[in-house]
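Structure, as structure tokens:
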Amino acid sequence: QLRLVESGGGLVQTGGSLRLSCSASGSIFSIDSMGWYRQPPGKQRELVAGILGPGTTNYANSVKGRFTISRNNALNTMYLQMNSLKPEDTGVYYCNFKWRTNLLAPSKDSWGQGTQVTVSS
């Protein structure tokens, strides 16, 4: 199994910045994709940013130009740099890995426990 641990959430004022980290521990053969999702209060979980395969990134329109997703392959760690935060960015942020234990194995889906981000107005 793969254990994902998020850190870096907290309370910040509008316009502030936070950097989230997601560290993976376990035996990984390959990673198909990595992503950050968030769940605003009373709403469904949504994709914020993702990295596909070798490094193609994609972002939700609402965070383009403000958030940057990155990875450190050697550390099996993913980051989300969040700048110019807005109150609507408030929510629980989850990291997700889709990964394999070997070349022929099906992709597995693992989630972190979530970290709260609160942006005050």
Side-chain angles (χ1 to χ4, degrees):
Q1 285 298 324
L2 189 67
R3 182 169 179 251
L4 303 180
V5 178
E6 296 123 338
S7 61
L11 173 64
V12 64
Q13 291 185 332
T14 296
S17 298
L18 285 173
R19 188 191 193 211
L20 305 183
S21 298
C22 174
S23 297
S25 58
S27 181
I28 300 175
F29 173 78
S30 65
I31 297 174
D32 292 341
S33 67
M34 310 162 74
W36 287 98
Y37 292 72
R38 70 184 176 196
Q39 187 162 15
K43 297 184 179 180
Q44 291 188 330
R45 194 174 298 188
E46 61 185 6
L47 177 67
V48 175
I51 300 178
L52 301 178
T56 303
T57 59
N58 63 289
Y59 296 91
N61 288 335
S62 60
V63 307
K64 282 182 181 177
R66 300 188 297 122
F67 290 12
T68 303
I69 189 171
S70 62
R71 65 192 289 183
N72 183 320
N73 291 332
L75 298 178
N76 278 339
T77 301
M78 177 177 64
Y79 306 96
L80 185 67
Q81 178 65 44
M82 305 186 293
N83 298 328
S84 302
L85 283 162
K86 305 176 181 179
E88 50 264 43
D89 294 319
T90 294
V92 180
Y93 283 68
Y94 299 89
C95 63
N96 172 263
F97 278 33
K98 292 178 173 54
W99 58 285
R100 299 173 191 266
T101 55
N102 61 67
L103 182 63
L104 300 179
S107 183
K108 293 178 178 291
D109 208 13
S110 293
W111 292 88
Q113 81 286 356
T115 185
Q116 177 70 44
V117 171
T118 302
V119 185
S120 63
S121 57

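We use all heavy atoms of the structure for the numbers below, so side chains are in, but hydrogens, waters and symmetry mates are not.
- Considering only residues two or more places apart in sequence or on other chains, Ser110 meets the side-chain contact (heavy atoms from CB on, under 4.5 Å) condition with Leu2, Leu4, Trp99.
- Residues meeting the side-chain hydrogen bond (donor to acceptor under 3.5 Å, both in side chains) test with Ser84, sequence neighbours left out: none.
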Solution key, residues 12-21 side-chain donor-acceptor pairs under 3.5 Å, sequence neighbours excluded:
{"unit_1": "Thr14", "atom_1": "OG1", "unit_2": "Ser120", "atom_2": "O", "d": "2.8"}
{"unit_1": "Ser17", "atom_1": "OG", "unit_2": "Asn83", "atom_2": "OD1", "d": "2.9"}

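- Closest approach of Val92 and Gln116 over heavy atoms only: CG2-OE1, 3.3 Å.
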Could you tabulate the donor-acceptor pairs under 3.5 Å formed by side-chain atoms of residues 101-108, not counting sequence neighbours?
{"unit_1": "Asn102", "atom_1": "OD1", "unit_2": "Leu104", "atom_2": "N", "d": "2.9"}
{"unit_1": "Asn102", "atom_1": "OD1", "unit_2": "Ala105", "atom_2": "N", "d": "2.9"}
{"unit_1": "Ser107", "atom_1": "OG", "unit_2": "Asp32", "atom_2": "OD2", "d": "3.1"}

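- Considering every non-hydrogen atom in both Tyr59 and Lys64, the closest pair reads O-CE, 3.4 Å.
- Taking each heavy atom of Ala24 and Phe97 in turn, the nearest pair found is CB-CE2, 3.6 Å.
- Contacts classified as salt bridge (Lys or Arg N to Asp or Glu O under 4.0 Å) and involving residues 39-54 (residues at least two apart or in different chains) are given here: Arg38-Glu46.
- Looking at every heavy atom in both residues, Tyr93 comes nearest to Asp89 through OH-O, 2.5 Å.
- Residues meeting the ring pair (Phe, Tyr, Trp, His ring centres under 6.0 Å) test with Tyr37, sequence neighbours left out: Trp111.
- Glu6 and Tyr94 make their closest contact through OE2-CA, 3.1 Å (heavy atoms, listed as atom of the first residue, atom of the second, distance).
- The salt bridge (charged side-chain N to carboxylate O under 4.0 Å, His left out) test applied to Arg3 returns no partner, not counting sequence neighbours.
- For the atom pair CD1 (Ile51) and CD1 (Ile69), the distance works out to 4.0 Å, reported to the nearest 0.5 Å.
- In this structure, the side-chain contact (heavy atoms from CB on, under 4.5 Å) partners of Leu75, at least two apart in sequence or on a different chain, are Asn72, Thr77, Tyr79.
- The distance from atom CG of Asn76 to atom CD1 of Ile31, rounded to the nearest 0.5 Å, is 5.5 Å.
- Under the side-chain contact (heavy atoms from CB on, under 4.5 Å) criterion, Ser27 pairs with no residue, sequence neighbours left out.
- In terms of heavy-atom proximity, Pro41 sits nearest to Thr90 at CD-O, 3.9 Å.
- Contacts classified as salt bridge (Lys or Arg N to Asp or Glu O under 4.0 Å) and involving residues 47-58 (residues at least two apart or in different chains) are not found.
- Applying the salt bridge (Lys or Arg N to Asp or Glu O under 4.0 Å) definition to pairs two or more places apart or across chains, none involves residues 69-82.
- Partners of Lys98 by salt bridge (charged side-chain N to carboxylate O under 4.0 Å, His left out), not counting sequence neighbours, listed by chain and number: Asp109.
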